[in-house]
Amino acid sequence: MVAQTTTRKKRSDVYRYGVYRCSFAKTKGPAVCTHGTGYRRERLEGAVVAKFREAMTAPMIEALARIVNAQLEAVFQGHGARTAEFAGEIARLEGQSTHLVS
């Protein structure tokens with residue numbers, strides 16, 4: 001989906017509003033996608049936000065927090081191991097540098 005702004009003229013008034021459309025229908029044309037319908041931004045975003053609000057129960061928020069915290073912990077544990085690996089490599093290279101002749 002891509003976001004667009006559409007302009008409509010009705011009598012002497014000009015209306016501008018946002019829509020979402022299929023990106024293939026817009027960029028590649030009807031040979032690839034014939035779905036030319038545009039969905040009003042306010043309606044589509046409102047429906048998506050309503051579904052998120054409906055799904056965001058206390059148990060769901062707790063489950064998401066557990067998952068995110070577990071992933072953060074895994075990243076930081078891997079970061080510590082990688083830092084130790086770099087420190088060892090630095091020490092090894094510093095030891096080798098003492099044998100260099102200037």
Side-chain angles (χ1 to χ4, degrees):
M1 301 291 282
V2 293
Q4 289 183 282
T5 301
T6 298
T7 303
R8 298 282 171 138
K9 291 183 181 181
K10 193 170 188 179
R11 296 188 187 121
S12 62
D13 296 326
V14 176
Y15 300 97
R16 292 176 58 91
Y17 57 90
V19 294
Y20 287 102
R21 297 188 187 281
C22 171
S23 63
F24 284 140
K26 180 181 182 295
T27 60
K28 299 185 187 319
V32 175
C33 180
T34 59
H35 189 79
T37 304
Y39 299 95
R40 295 289 285 260
R41 182 178 57 90
E42 296 84 15
R43 289 183 186 165
L44 186 60
E45 289 175 359
V48 169
V49 168
K51 286 295 181 184
F52 274 115
R53 284 187 178 140
E54 183 181 308
M56 286 291 107
T57 61
M60 178 61 74
I61 292 170
E62 290 172 14
L64 287 171
R66 277 194 307 275
I67 291 168
V68 168
N69 287 335
Q71 289 181 349
L72 287 172
E73 186 177 327
V75 166
F76 284 120
Q77 284 178 353
H79 183 70
R82 189 85 169 130
T83 300
E85 182 182 321
F86 283 136
E89 182 67 8
I90 289 169
R92 184 184 68 76
L93 292 172
E94 285 176 344
Q96 286 182 351
S97 70
T98 60
H99 300 300
L100 295 175
V101 177
S102 55

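Being a predicted model, the structure only gives us computed values, none of them experimental. Throughout, residue positions are numbered sequentially from 1 according to the sequence presented.
A distance of 11.5 Å separates CZ in F86 from CG in L93, rounded to the nearest 0.5 Å. Distance OG/S23 to CE/M1: 8.5 Å, rounded to 0.5 Å.
For R92, the salt bridge (charged side-chain N to carboxylate O under 4.0 Å, His left out) criterion is met by E89, not counting sequence neighbours. Qualifying side chain to side chain donor-acceptor pair (under 3.5 Å) partners for E94, counting only residues two or more places apart in sequence or in other chains: none. Listed by chain and residue number, R41 satisfy the salt bridge (charged side-chain N to carboxylate O under 4.0 Å, His left out) test with E45 (two or more places apart in sequence, or in another chain). Every residue meeting the side chain to side chain donor-acceptor pair (under 3.5 Å) condition with R8, not counting sequence neighbours, appears here in chain and number order: Y17.
T83 places a side-chain N or O within 3.5 Å of a backbone atom of H79 that can act as its donor or acceptor partner.
The shortest heavy-atom contact between R21 and T37 is NH1-C, 3.8 Å.
Sorted by first then second residue, the ring-ring contact (aromatic ring centres under 6.0 Å, His included) pairs that include residues 20-54, not counting sequence neighbours, are H35-Y39.
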Residues 55-73, side-chain donor-acceptor partners within the protein, below 3.5 Å, at least two apart:
| unit_1 | atom_1 | unit_2 | atom_2 | d |
| --- | --- | --- | --- | --- |
| T57 | OG1 | M60 | N | 3.4 |
| N69 | ND2 | A65 | O | 3.1 |
| E73 | OE2 | Q77 | NE2 | 3.4 |

